[in-house]
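Here is how names work: the chains are called A, B, and so on, in the same order as the sequence lines, proteins then strands, and each is numbered from 1.
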Amino acid sequence: MIDVRLLRADLEATKAALARKKVSPDEVERAAHLDARRRQLTAQADQLRARVKALSRQVGEARRAGEDATAEALSEESKRAGAELATLEQEAGAVEAQLRDALLRLPNLPAEEAPDGGSEEDNVVVRTVGYDPGRYGPHQRVPHWDIGAQLRILDLERGAKIAGSMFPLFRAQGATLARALCQLALDRNADAYTEVRPPTLVRSSVLEATGQLPKFADDAYHIERDDLWAIPTAEVPLTSMRAGEILAEEELPLRLMAYSPCYRREAGAAGRDTRGLLRVHEFDKVEILALCTRAQATSVHQEILGRAEAVIAELGLAYRVVEICAGDLGQSHARSFDIEVYSPGCDMWLEVSSVSWFSDYQARRASLRYRPTEGGAVRFCDTLNGSALAVPRVWAALVETYRQPDGSVALPECLGPYMRGNPSIRSGS
RNA sequence: GGAGGGAUGGCAGAGCGGCCGAAUGCGAGGCUCUUGAAAAGCCUUGGGAGCGCAAGCUCCCCGUGGGUUCAAAUCCCACUCCCUCCGCCA
């Protein structure tokens, strides 16, 4: 969440910044009023509580001195003050809860560098790598779902039989490829990132820390009996791994990566991009993430983007990097770059990674802090993350890009070691 | 799933319902002494909220949330987590 102090220090600037994310000024105004009210109430309550404590101390003293009548009188007085305090505290508590909820629903401020814009249309293509529309032959202009069916490496019907549509089932070398991609991404980042295998079912508080709750509950799978949520990305458990802790500045940037399955209900996306692997409820992904200081954030952001690009480039896929405009930025994001891979079979750019800087928005929610080396007050960390590799769309682009005129798929050499030495897929295998 | 035990500051570990934000030890930082180091001695050492230009003042936090009480780290209840034993299992 954003720092409440922003609402006090410079309400107009905060409203203006959030307006770029299409937040109505009324909503910001409301939070500011709740904050003012809360401070007023807690100040009053504090004063009263101090009085109750002082009186109680005097009761004890009088008792010990044997002055029972005085003790009784003081006790009565304290009791009255206590009753008054209770109502005040109740009111303050209610306002506090409202404020917290309002604050949790306010999105992060967009970074100044983030381009203006209201929607996807206004996103800015930063660079395009390896894309040459004339380079693709008719054998590559076949969508991956057809290729997958032909080669029997993707069986959407049977996936649907088991779990419903948008739950893909990979078979034979298709399954191996899915796993190979994850292994490749992990290996390429193991030089700097510590591998974690986190739980994939988490508590509500964990989903709240990264911003999915309370606003986007409908997008996540919830297991009611145990009140656990299936993670939509490994960002969720990784961000909360050190929640509530105070790190030493020397530990930063703290780099983590994790392979995990990801679960998304895609509640708002019914009917969009539902063919094949373009949008699925369950998929595998390798996420890389860092906790760092504000001063480190920009370079770490570029580092993560560079690493995510490097794997795509190594796989020989055409891609472009798109900077997300303020109006299209996610709730928790301050600044974000998407990597989109070109799918020749669908003739579409597919988002395969979103590399984002969250400033201290998530850290505030998760209470992720660090102690500065040179002393002084504890500060919130900045958080950043991005997909090092998300399987289904990369899988789709690979199969289409590397399809041969004879219908087989000749995958790039870098996958050989991960494909039991055989990076080519032909029917019957 | 059943039966027990536990949760206190960076760590370890005390804590009759009032004098406890908390003894003591260790660790860490500063200073004194020393050519330097060690040793010794002295001092400091949690987080958060509010008011204030500041010095400072007030309040909250002893796993979390409720309750009892004039007063709760201390008593009661619920929850969470950890440990031990039994059961079950990969």
Side-chain angles (χ1 to χ4, degrees), chain A residues 1-9 11 31-104 197-209 213 223-229 237 240-252 254 360 363-381:
Chain A
M1 67 190 106
I2 63 169
D3 189 346
V4 230
R5 272 168 278 224
L6 288 172
L7 300 177
R8 319 212 271 254
L11 181 59
H33 281 130
L34 284 168
D35 173 53
R37 180 88 185 114
R38 195 210 86 209
R39 276 183 295 158
Q40 189 192 357
L41 286 169
T42 46
Q44 282 174 27
D46 280 4
Q47 259 183 323
L48 245 179
R49 196 177 302 104
R51 186 169 148 70
V52 171
K53 283 187 137 187
L55 284 167
S56 294
R57 205 174 311 122
Q58 288 169 35
V59 172
E61 279 160 14
R63 278 269 149 74
R64 252 167 284 126
E67 297 160 7
D68 284 357
T70 318
E72 209 45 51
L74 287 166
S75 174
E76 278 308 313
E77 200 181 337
S78 175
K79 197 171 190 168
R80 275 196 301 276
E84 205 180 321
L85 176 62
T87 40
L88 250 180
E89 275 181 330
Q90 201 171 7
E91 202 182 336
V95 172
E96 173 103 51
Q98 285 174 48
L99 173 63
R100 184 178 157 72
D101 188 67
L103 244 27
L104 280 176
R197 174 47 248 237
T200 55
L201 296 180
V202 302
R203 301 172 189 286
S204 301
S205 62
V206 171
L207 226 43
E208 193 175 283
L213 291 180
I223 295 168
E224 256 179 64
R225 193 217 274 241
D226 299 291
D227 193 19
L228 289 169
W229 301 77
S240 284
M241 209 175 127
R242 306 294 296 266
E245 298 185 30
I246 299 175
L247 314 189
E249 185 175 346
E250 295 76 63
E251 278 189 81
L252 306 177
L254 181 73
D360 59 4
R364 219 171 265 285
R365 291 171 162 238
S367 188
L368 276 168
R369 294 173 295 172
Y370 71 94
R371 204 177 294 284
T373 312
E374 77 278 17
V378 175
R379 297 198 200 120
F380 284 104
C381 299

- Message: Show, in sequence, the C-alpha distance, side-chain angles and deciding distance for A:Arg242 and A:Glu251, and conclude whether the side chain to side chain contact (heavy atoms under 4.5 Å, CB included) test is met.
- Response: CA-CA 12 Å; A:Arg242 306 294 296 266; A:Glu251 278 189 81; 3.4 Å; yes
- Query: How far does CG of A:Asp227 sit from CD of A:Glu224, to the nearest 0.5 angstrom?
  - Reply: 8.5 Å
- Item | Structure string for RNA chain B in dot-bracket form, Watson-Crick and G-U at under 3.5 Å, | interchain | ((((((((.[[[..)..(.....]]]((((((.......))))))((((((....)))))).[[[[[..)....]]]]])))))))....
Restricting to nitrogen or oxygen on both sides, can you table the protein-nucleotides 87-90 of chain B pairs closer than 3.5 Å?
none

- Task: Could you measure between the two P atoms, the one in B:rA39 and the one in B:rG29, and give it in whole Å?
- Result: 13 Å
- Pick the C1' atom in B:rC26 and in B:rU34, then give their distance to the nearest Å. 25 Å
- Item | OP1 or OP2 of B:rC59 under 4.0 Å from side-chain N/O of A:Arg51 | no
- Quick one: is B:rC60 close enough that its OP1 or OP2 comes under 4.0 Å of any side-chain N or O from A:Lys53? yes
- Message: Can you confirm whether A:Gln40 is buried at CD, in the sense that more than 12 heavy atoms of other residues, nucleotides or ligands lie under 6.0 Å from that atom?
- Response: yes
- Task: Find the distance A:Glu250:CD to B:rG10:P and express it as a whole number of Å.
- Result: 16 Å
- Query: Looking at A:Ala209 and A:Ala366, what are the two nearest heavy atoms and their distance?
  - Reply: CB-CB, 3.7 Å
- Between B:rC11 and B:rG67 - C1' atom distance, rounded Å: 34 Å
Using the 3.5 Å cut-off, write out each protein N or O paired with an N or O of nucleotides 50-54 of chain B and the distance between them.
from, atom 1, to, atom 2, distance (Å)
B:rG50, OP1, A:Arg8, NH1, 3.1
B:rG50, OP1, A:Arg8, NH2, 2.4
B:rC51, OP1, A:Arg39, NH1, 3.0

- Note on the structure: Separation between SG (A:Cys381) and CG (A:Leu252), nearest 0.5 Å, reads 5.5 Å
- Mind checking what makes side chain to side chain donor-acceptor pair (under 3.5 Å) contact with A:Arg203, not counting sequence neighbours? none
- Note on the structure: Interatomic distance, CG@A:Leu201 vs CD1@A:Ile223, rounded to 0.5 Å, equals 4.5 Å
- Message: If I pick the P atom on B:rG15 and the same atom on B:rC20, what distance separates them, to the nearest angstrom?
- Response: 16 Å
- Taking 4.0 angstrom as the limit, do A:Glu89 and A:Arg49 come out as a salt bridge? yes
- Report the distance from atom CG of A:Leu34 to atom CG of A:Leu103, rounding to the nearest 0.5 Å. 9.0 Å
- Message: When the C1' atoms of B:rC62 and B:rA14 are compared, how many Å lie between them, rounded to an integer?
- Response: 13 Å
- Message: Can you check the distance between B:rC53 and B:rU35, where both ends of the measurement are the C1' atom (answer in whole Å)?
- Response: 49 Å
- Message: I'd like to compare against my own output: the B/S/- annotation of nucleotides 64-72 of chain B with a strict under-4.0 Å heavy-atom distance to protein.
- Response: ------BS-
- Message: Would you compute the distance between atom CE of A:Met241 and atom CG of A:Leu254 and round it to the nearest 0.5 angstrom?
- Response: 7.5 Å
- Would you find more than 12 non-hydrogen atoms of other residues, nucleotides or ligands less than 6.0 Å from A:Glu245 atom CD? yes
- Atom pair distance, as rounded to whole Å: CZ in A:Arg371 and C1' in B:rG27: 14 Å
- Task: Take atom P in B:rG9 and the same atom in B:rA73, then report the distance between them in whole Å.
- Result: 15 Å
- Item | Euclidean distance, atom CD of residue A:Glu96 to atom C1' of B:rC61 [Å, nearest integer] | 13 Å
- Interatomic distance, A:Glu89 CD vs B:rC61 P [rounded to whole Å]: 9 Å
- Query: So, is A:Arg203 near the phosphate of B:rC81, with a side-chain N or O under 4.0 Å from OP1 or OP2?
  - Reply: yes
- Query: With rounding to whole Å, what would you report as the distance between B:rG30 and B:rG48 at their C1' atoms?
  - Reply: 26 Å
- Item | Considering all heavy atoms, the nearest A:Tyr370-A:Phe380 contact | CE2-O, 3.5 Å
- Query: Do the charged groups of A:Glu84 and A:Arg51 touch, with an N to O distance under 4.0 Å?
  - Reply: no
- Message: Check this for me, if you would: do A:Glu72 and A:Arg63 make a salt bridge, where the nitrogen-to-carboxylate-oxygen distance has to be below 4.0 angstrom?
- Response: yes
- Message: Test of understanding: with side chain to side chain donor-acceptor pair (under 3.5 Å), list the residues that count as partners of A:Arg100, not counting sequence neighbours.
- Response: A:Glu208
